[in-house]
Visitor: 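Below you will find the structure I want to go over with you.
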Amino acid sequence: MIRINDETPDEVLQTIKIGDLVTDGFSKTSLVERIETTDDGLYKIYEFHLITGRVIKTKR
């Protein structure tokens, strides 16, 4: 299980793939269904969509 929070290194975030078990450490723990990455010019935003319908979002 991979914990995703503000301290998770960029290298770890880039290795997460569909089907991996992830958690935010609180209430969101599930398998990754879809991954979206966007760049707003200031931050790279990672959105991990879980099979439960929840989303874990972090930016770097």
Side-chain angles (χ1 to χ4, degrees):
M1 183 180 321
I2 301 168
R3 178 171 288 191
I4 299 172
N5 59 28
D6 291 338
E7 297 173 5
T8 306
D10 217 17
E11 297 80 29
V12 173
L13 294 175
Q14 293 175 2
T15 62
I16 297 173
K17 58 190 178 307
I18 293 172
D20 284 349
L21 183 62
V22 298
T23 185
D24 69 348
F26 299 105
S27 62
K28 300 174 189 170
T29 301
S30 187
L31 298 175
V32 176
E33 180 178 50
R34 187 177 75 213
I35 302 168
E36 294 180 17
T37 56
T38 55
D39 190 340
D40 68 0
L42 187 58
Y43 295 103
K44 187 169 187 178
I45 302 166
Y46 294 88
E47 290 185 11
F48 298 94
H49 297 261
L50 310 179
I51 62 172
T52 57
R54 312 239 5 216
V55 177
I56 299 175
K57 187 176 182 179
T58 186
K59 56 185 170 179
R60 300 284 179 267

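Model, not experiment: these values are computed from the prediction. Note that the numbering runs from 1 along the sequence shown for the chain.
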Visitor: Would you say T38 and K59 make side-chain contact, with heavy atoms under 4.5 Å?
Guide: no

Visitor: At their closest point, which heavy atom of I51 faces which heavy atom of E33, and how far apart are they?
Guide: CG2-CB, 3.7 Å

Visitor: How would you list, by chain and number, every residue that makes a salt bridge (Lys or Arg N to Asp or Glu O under 4.0 Å) with R34, sequence neighbours excluded?
Guide: E36

Visitor: If I compare all heavy atoms of S30 with all of T52, which pair ends up nearest, and what's the gap?
Guide: OG-CG2, 3.3 Å

Visitor: Can you list everything that forms a side chain to side chain donor-acceptor pair (under 3.5 Å) with T29? Sequence neighbours excluded, please.
Guide: T23

Visitor: Suppose the criterion is salt bridge (Lys or Arg N to Asp or Glu O under 4.0 Å): which pairs have a residue in residues 2-17, not counting sequence neighbours?
Guide: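 As it turns out, the salt bridge (Lys or Arg N to Asp or Glu O under 4.0 Å) pairs with a partner in residues 2-17, which skip direct neighbours, are K17-D20.
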
Visitor: For V22, what are the other residues in its hydrophobic cluster, where any two members join if their side-chain heavy atoms are less than 4.5 angstrom apart?
Guide: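 Noted: V22 shares its cluster with I2, I4, V12, L13, I16, V32, I35, Y46, F48, L50, I56.
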
Visitor: Quick test of your reading: applying salt bridge (Lys or Arg N to Asp or Glu O under 4.0 Å), list the pairs with at least one residue in residues 37-52, sequence neighbours left out, ordered by first then second residue.
Guide: E47-K57

Visitor: Please enumerate all residues that pass salt bridge (Lys or Arg N to Asp or Glu O under 4.0 Å) together with K28, with sequence neighbours excluded.
Guide: none

Visitor: Members other than I18 in its cluster, when Ile, Leu, Val, Met, Phe, Trp, Tyr link by side-chain heavy atoms under 4.5 Å?
Guide: none

